[in-house]
Amino acid sequence: MRSAEISPEMDGKKVTVFGWVHEVRDLGGLVFIVLRDREGFIQVTLPKKIIDPETFKKAKKISRESVLRVEGTVKKEEKAPNGFEIIPEVIDVLNESQAPLPLEVTEKVPADLDTRLENRFMDLRRPKIFAIFKIKSEITKSIRDFLNREGFIEVQTPKIVSTATEGGTELFPVSYFEREAFLNQSPQLYKQILMSAGFEKVFEIGPIFRAEEHNTTRHLNEATSVDIEVSFADHEDVMKILERLIAKVYCDVLENCEKQLEILDVKLEVPEIPFERITYDEALEMLGDQIPWGEDLDLQALKTIGSKIESHYFITNWPIKIKPFYVMALDEKLSKSFDLMHGYIELASGAQREHRYEKLVENIKSKGLHPESFEFYLKAFRYGMPPHSGWGLGLERLVMSMLNLNNIREAMLFPRDRTRLVP
RNA sequence: GCCCGGGUGGUGUAGCCCGGCCCAACAUGUGGGCCUGUCGAGCCCACGCCCCGGGUUCAAAUCCCGGCCCGGGCGCCA
């Protein structure tokens, strides 16, 4: 049984529990073993008088973090945590842990993030850390539920590709038999091709790879992207989907992860929709003369704006020249694009796409890219491509901003960064 | 990639500025002992550490140079 399934009302019942030895408190004639599983803790109590001498002796020697199977009787007990304890008949050491431990699961002594990531299997045993990933799981479940209900089709696109998606970002080269290939930085081109295929509404939750040598608290070289693409929709339409999705995710986490939020000491509020929308031009105004027109907003700028706007907001109508070639123009200078922000963290980025073949080819050229290398993509635009829009949402960024984590690595089980390839 | 800060028992810190009093301190841990209501258990004893290489000096954890590694900020990136 799991720790959460046992209650004081089960007094007298025989149970079998499994778990890790969180702590052993040996008081001489009375030994407490605190057993931990993913749901919580169970106190196993061994009073010398009533426990078989062999079992009692063995219990005193059990090392922390060993894995146990305990058969025993539930005893209602005021003095025990959660109001009950287990008086064991059989203690079976399924696997003994070595000592000393690479870090303290009990959190008596903190460990550096680096040490924690080096020993992630043990770091993840900490209820606080586990809670992050329980919530991340709830978030992905919530996203899937929402998008499925909205009539989206979940798809999987290639992660090994022949060409860059957008120019700009650096790609990881991989050896593909006799050719060179790359790890995909985004499913962008493929989800657009599916619009031509008539899928109308698609989404994908999958890994993306960026070979940038950044070393910050909000960048990873391997991350998870939630991507959607919708036919016959403009950027306003997909912004509405995005804000409703975010609100729904917050709602579901609030409802289904109460315990985890409490462990993490996070007070969540479902953001109100519609989210505030400011244009790029308005953003620049808020900043005074900090950023010249046409430049991207740097962290400093985003922090300034983020401090002025509570909760989530969109920055819309970005200069076309700093957007990728597939983004549709609004006029000479601006584009039908948006970023979803939470504080200074950019959560998502989207736009209406350029679906007109001639314009698209023009855009590719104007970015200094070669239309020939995008032929597999461009072909889909010559035989009936509907107007369409979409966005990509960084899952780890969402987790980070929701839970107030101060490093995005905390939101990844085994993060890949500039120097970390193992574990 | 650049700038700044750092690397001391398994883990987290102090000591470094101003070299000697440091065969390095504290907490946690580990091993042993005492203890029948712990829940950060308590008490006693023991164990375990100066990133690597070079230099300065009578003397280096401490100062200098190089390397490797880590953190923060920036840039790049969405």
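Lettering follows sequence order; numbering is per chain, from 1. Source: prediction; values computed, not measured.
Considering only side-chain N and O atoms, A/N119 lies nowhere under 4.0 angstrom from the phosphate OP1 or OP2 of B/rG10. Contact annotation: A/R25 side-chain N/O to B/rC39 OP1/OP2 distance is not under 4.0 Å. At B/rA41, one or more side-chain N or O atoms of A/K108 fall inside 4.0 Å of OP1 or OP2 (strictly under the cut-off). The phosphate of B/rG12 (OP1 or OP2) has a side-chain N or O of A/T115 nearer than 4.0 angstrom.
Here B/rC76 presents its C1' atom at 16 Å from CG of A/L297, a figure rounded to the nearest Å. With rounding to whole Å, A/F121 atom CZ is found 13 Å from B/rU11 atom C1'.
Ring planes of A/H388 and A/F381: tilted class, angle from 30 to 60°. The aromatic rings of A/F275 and A/H312 sit parallel, their planes meeting at an angle under 30°, below the 60° perpendicular limit.
Residue A/E85 places a side-chain atom within donor-acceptor reach of the base of B/rG37, judged by atom type and a 3.5 Å distance cut-off alone. For A/E23 against B/rU38, no side-chain N or O and base N or O form a donor-acceptor pair under 3.5 Å.
Counting only residues at least two apart or in different chains, ring pair (Phe, Tyr, Trp, His ring centres under 6.0 Å) contacts with residues 29-59 of chain A comprise A/H22-A/F41. Sequence neighbours left out, the pairs with a member in residues 292-304 of chain A that pass side chain to side chain donor-acceptor pair (under 3.5 Å) are A/D281-A/W293.
Closest approach to the A/T419 side chain among B/rC70, B/rA41, B/rG72 is made by B/rC70 (side chain taken as heavy atoms from C-beta onward). For A/Q43, taking side-chain heavy atoms from C-beta onward, the closest of the listed nucleotides B/rG33, B/rU38, B/rU11 is B/rU38. Nearest nucleotide to the side chain of A/E104, out of B/rG33, B/rG29, B/rG12: B/rG29. Residue A/D114 has its side chain nearest to B/rG71 when only B/rC76, B/rG71, B/rG72 are considered. Distances from the side chain of A/T216 to the nucleotides B/rC74, B/rG12, B/rC35 place B/rC74 closest. Of all nucleotides listed (B/rG75, B/rG37, B/rU28), B/rG37 comes nearest to the side chain of A/K79. Of the candidates B/rG10, B/rC35, B/rC70, the closest approach to any side-chain atom of A/R420 belongs to B/rC70. Looking at the side chain of A/H219, the nearest of the listed nucleotides B/rC77, B/rG72, B/rU38 is B/rC77. Taking the side chain of A/R64 as heavy atoms from C-beta on, and the options B/rG12, B/rG29, B/rU38, the nearest nucleotide is B/rG29. For A/N215, the side-chain atoms get nearest to B/rG1 when compared with the rest of B/rG1, B/rU11, B/rG37.
Contact of the A/V31 side chain with the A/V24 side chain is registered, since non-hydrogen atoms from C-beta on lie closer than 4.5 Å.
Here, B/rU13 and B/rA24 have their C1' atoms 14 Å apart, quoted to the whole Å. B/rA41 and B/rG73 have their P atoms separated by 34 Å, given to the nearest Å.
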